Structures are given as structure tokens and as C-alpha cells.
Protein chains: 2
Amino acid sequence: MSARGRPRSFDRTEALEKAMEVFWQQGFEGSSMSDLTTAMGINSPSLYAAFGSKEALYLEAVRHFSETAAAGTFRALMEAPTLREGLAAMLHASISCSTQEGRPQGCMIALGATHCAPENERVRLELKEMRRILRDTLRLKFETAVADGLLPPDLDPGSLATYFATLVHGISIQARDGATREELKAVVVHALASFDRATRVNDPAGSA
Amino acid sequence: MSARGRPRSFDRTEALEKAMEVFWQQGFEGSSMSDLTTAMGINSPSLYAAFGSKEALYLEAVRHFSETAAAGTFRALMEAPTLREGLAAMLHASISCSTQEGRPQGCMIALGATHCAPENERVRLELKEMRRILRDTLRLKFETAVADGLLPPDLDPGSLATYFATLVHGISIQARDGATREELKAVVVHALASFDRATRVNDPAGSA
DNA sequence: TCATTTCTGTGTTGATCGATACATAAATGC
DNA sequence: GCATTTATGTATCGATCAACACAGAAATGA
């Protein structure tokens, strides 16, 4: 590859990981270049040469987060044998990711750039887009299940998708504020109860 | 009161309201003194004389928010004739507050300072405390209902409190990302289904 | 009238922000 | 060896940050 020139003296991925943890803990606007270079163990010019800018580093850190720490959440939803199990696994994975020991609490994507200065609007839109993907994926799952006859035909896929996306995002705020893994697992039980109620056909006693 | 001296040339509450909207939209770290003085229509020294510091202004703005825009959410929970109606009204009020036209989307308290720079930790703790109050109020409501025999004795108040707090906070993230009032109202239906399931005694068919 | 008190606008403070200029170091190709 | 290429460390850039000094303005009380 790039054999020419003086070789980089640090591991790019390791540095990215360190930057990710700083941004995960303090957010984009709460992390200064000084915070980042200190954590990454490099000087400012090396950071700019390797990542471009603070914003580019943040976006790359978020992408790295989604491919590592948050990957389990999506995989859980996609790979479970049934949709119900997938939803439960997704919530459990989200809780696990949000309550890791020795790491910032809450999901970097769920909490990232929910509000920011006007000049950082680009960052907010990028994070908003990543959060949108969760809801769209959920809706597609519900739509497919309805089309396959696995769920009642009158079920509203968008409604359930919004509901589960709301739970995943709410879990991160709870975790950030100190909620434990055990406290949050109770949320899954109630979420599944809603799912069971919404996917049950012709049960007049269900609402009593 | 303070009759002596040159009278203040601006309305303190109006200025606080303007500051609240800036912080609500951009967050604490995303709002600069320049943003604030411009929106408030005053100069920096007047701001410091009237409010003390940027941090003090933010905390006062959040308190003002909780007493005005967010007041309906708590009142709905406390004043409804039944707990079930109170929960539904609380969620609806939270959705209304989070999707007002011409105002920032999402709740200022739910989204406020979920992460920040270490030097602003005091701000984060204050917001975390305000969010904690919601969960504690909910738990107390459930505990009282159990003690009064209105809910099954084996019901876990903390579990349901975490669940509903998660929903309220998740709703704000959805709203901030552009979810409409109608989309979010679907969440209430599913939440009440969970409540009904959790508060039903001896229903072996309920889990089928 | 005039001292006292409080607020306002101008201008500026030191600190920190994100981002680079520049000279040097360390690799390769020939 | 020597030109070329790329990365590094030092030192610093202009801009902006939150906060304030100061003098003048506008009210009061005596």
C-alpha cells in the first residue's frame, strides 16, 4: 500500500477507538481537540493528517461505534428465528451496550447530537439519519411479517416501529443517568407484553 | 421592592423565556453568550447582572421550562381520576410539549446535558436529578396504588416506573428527530396495553 | 440640587477553541 | 548517496469563548 514516506507511529484503529470513547462520554461539542489528542496519545497535526478534522473524526468514530459496540443490537434483530425473539434480543443487546462496565453509559448514537449549535447541524443530521435507520428497519420487519401472514393484517407496522425505537432510545437516557442492567431488563418484559397484545387477533377480552 | 437606582430596561421573564428557547434548541454547550444576548435583546453585562452566569441562566431556564412547558406533564399524572388515565394523560402531555409548532422539538429536560464536557458536570447532574424526579414520582404512584389495593400486590412498582420513564424520554428523542404528534400517539396505545397486562391478576391466557 | 444607587453600552480581558506553518525525522525508490 | 515522500513535534494562527472594567445614563431619597 503506502510504503513511501515516514510510517505512521501510532495505530490508526487504536487511536480511533480512544477518540470514540471520548466522544461517547462527552459528546461532539463537549470534546475538545485537547481532550482528543491527549486520549489518543498523538499531537494535533497527526490527528488532522489521519482523520481530516474534528467533525470527520467524530463521524468516523460513530461509524466505528455502530460496527462494533452497537453491531449486536442490529444483528440480534436480524438473526433471531422469530420476530418476537428478535425484538427481545435487540432490547437486551441495547441494554448490554448501554451498561458496559468501564465504558460510557448509554448508546453513542441514541444520545449523540440531539441538540447542538447551528454550525454543527451537519453532525446532528448525520446522527438523526443513523437513528432513523433503526425505526425503518423495525418497520420493514413488521411489514414483512404482516405480508408473510405471521402478524394480523390490520396491524400498523409504523406504529410498532415507533414504539420500539422509542424504547431503545429511552433506554440510553435511563442508562446514562445510572439505571442498572437489571432495572432496564424489566422494560423488555413490558415491551413484549405490548407486542403480544398488538399481534393478537380477535381477542375482545384482551382489553379488559 | 428595588425602587432605588436605574430601572432595568428589559423584562426579566421575557428575557429568560428567550434564553430558554435558545438553550432548548441548541443545548447548554451549543449556546454561546453571543447567541443568548442576541436572542434576549440585551448586552452581556446586563445578562450577568440579572442572571449571574451562563450556567446559572441555563439552570434558571430549565426550571422555568419545568414550571411552564413541562408543567402539564406532571399535572396530568397527578390530577387524573385514575392511575391509568393519569399515565395516558402524562404521555399525551409529553408528546404535546415535545411537538409544539414554532418551538424546539423534544423536551428540554429529557434531552438536556445527557453528555457534556467534564467542566460542565454540575449541569449534567442537575438535569439528571430532574429526570430522576419523574421516575420517582411514577414509582410512588404505583406503590400507592398497590398499597390501596388498586393494583395487584405482586406488581413491581420500580419496574413499571422505569418502563414509563423510558417511554417519556424516548418520545423526546423521536420528536427531536422529526416524529409527528400522530406517530407518537401510537406509543401511548402500546404503553397502556403493557400497563393493562401488568396490572391484570391471574390471567393465564394473557400471555398466549 | 445633589449624593447615592443601579443599570446600560462600549470595549476588552485572558483563555481556549479548532486548525496549520514550518522545520525536522524517517521511511522508500533509484 | 540522494531525491522524494510522508509523518512528527513545536509553536502558533486568527477566531471565539465566557466574563468583566469602566464610564456614562437614569432612577431614587434627602
Side-chain angles (χ1 to χ4, degrees), chain A residues 1-16 18-19 22-23 25-62 113 115-124 126, chain B residues 1-16 18-19 22-23 25-62 113 115-124 126:
Chain A
M1 279 291 262
S2 66
R4 289 285 279 273
R6 178 174 175 174
R8 187 177 280 129
S9 67
F10 61 94
D11 185 294
R12 196 179 184 281
T13 304
E14 274 180 28
L16 181 60
K18 292 292 185 185
V22 173
F23 282 131
Q25 173 65 33
Q26 307 183 11
F28 176 67
E29 290 176 340
S31 305
S32 69
M33 287 300 301
S34 172
D35 292 334
L36 292 165
T37 53
T38 300
M40 298 164 85
I42 61 177
N43 291 110
S44 173
S46 297
L47 188 155
Y48 279 90
F51 299 100
S53 69
K54 183 191 170 188
E55 177 178 320
L57 174 60
Y58 177 74
L59 294 177
E60 193 168 341
V62 172
H115 36 201
C116 60
E119 63 262 29
N120 298 321
E121 187 69 4
R122 243 185 60 85
V123 171
R124 191 183 73 79
E126 186 77 21
Chain B
M1 278 293 259
S2 65
R4 287 288 278 273
R6 178 174 176 174
R8 188 177 281 131
S9 66
F10 60 94
D11 184 293
R12 196 181 184 281
T13 304
E14 275 180 28
L16 180 61
K18 293 291 184 184
V22 173
F23 282 131
Q25 173 64 34
Q26 307 184 12
F28 175 67
E29 290 175 339
S31 305
S32 69
M33 288 300 299
S34 172
D35 292 333
L36 293 164
T37 53
T38 299
M40 298 165 84
I42 60 176
N43 291 109
S44 170
S46 296
L47 188 155
Y48 280 91
F51 299 100
S53 69
K54 183 190 170 188
E55 177 179 320
L57 174 61
Y58 178 74
L59 294 178
E60 192 167 340
V62 172
H115 38 199
C116 61
E119 63 263 28
N120 298 322
E121 187 69 4
R122 242 184 60 85
V123 171
R124 192 183 71 80
E126 186 76 21

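Letters go in sequence order (proteins before strands), and every chain restarts at 1. Atoms considered below: every heavy atom in the structure, side chains included; atoms not considered: hydrogens, waters and symmetry mates. This one's a predicted model, so the numbers in the text were calculated from it and none came from an experiment.
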For the pair made of [atom1] in [X] and [atom2] in [N], what is the distance, rounded to whole Å?
X        : N       : atom1 : atom2 : result
Met33(B) : dT13(C) : CE    : C1'   : 15 Å
Asp35(B) : dT16(D) : CG    : C1'   : 11 Å
Gln26(B) : dA18(D) : CD    : P     : 11 Å
Arg8(A)  : dT28(C) : CZ    : P     : 16 Å
Phe51(B) : dC7(C)  : CZ    : P     : 12 Å
Leu36(A) : dA19(C) : CG    : P     : 11 Å
Leu47(A) : dT6(D)  : CG    : P     : 19 Å
Tyr48(A) : dC13(D) : OH    : P     : 17 Å

Picking from dA19(C), dT28(D), dG29(C), which would you name as closest to the side chain of Arg4(B)?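 Given the options dA19(C), dT28(D), dG29(C), the side chain of Arg4(B) is closest to dT28(D).
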To the side chain of Pro45(B), which of dT5(C), dC20(D), dA19(C) is closest?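 Within the option list, the nearest is dC20(D).
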Value rounded to 0.5 Å, distance of CD in Glu55(B) from CD in Glu119(B): 10.5 Å
In the structure I gave you, are the side-chain heavy atoms of Leu16(A) and Asp11(A) within less than 4.5 Å of one another anywhere? no
Quick one: does Val62(A)'s side chain get under 4.5 Å of Glu126(A)'s, heavy atoms only?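 Of all side-chain heavy-atom pairs linking Glu126(A) with Val62(A), none is under 4.5 Å.
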When you check the phosphate oxygens OP1 and OP2 of [N], does a side-chain N or O of [X] lie under 4.0 Å from one of them?
X        : N      : answer
Ser46(A) : dT8(D) : yes
Ser9(A)  : dA7(D) : no
Asn43(A) : dG9(D) : yes

Would you please say whether a donor-acceptor pair under 3.5 Å links the side chains of Ser32(B) and Asp35(B)? yes
If you look at every strand shown and take non-hydrogen atoms under 4.0 Å, does Ser31(B) touch a base, only sugar-phosphate, or nothing?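 It contacts sugar-phosphate atoms only.
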DNA chain C: 5'-proximal contact among Glu119(B) and Ile42(B) (nearest heavy atom):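 It is Ile42(B), whose closest nucleotide lies nearer the 5' terminus.
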Starting from the 5' end of DNA chain C, give me the residue, Pro7(B) or Glu29(A), whose nearest nucleotide shows up first. Pro7(B)
Counting distance alone, no hydrogens or angles: does the base of dA25(C) have a donor or acceptor under 3.5 Å from a partner atom on the side chain of Arg6(A)?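 Flag set: donor-acceptor pair detected.
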Tell me if the side-chain of Ser34(A) makes a donor-acceptor pair with the base of dC17(C), cut-off 3.5 Å, by modelled atom types. no
Can you tell me how the ring of Tyr58(B) sits relative to the ring of Phe23(B), calling it parallel under 30°, perpendicular over 60° and tilted otherwise? perpendicular
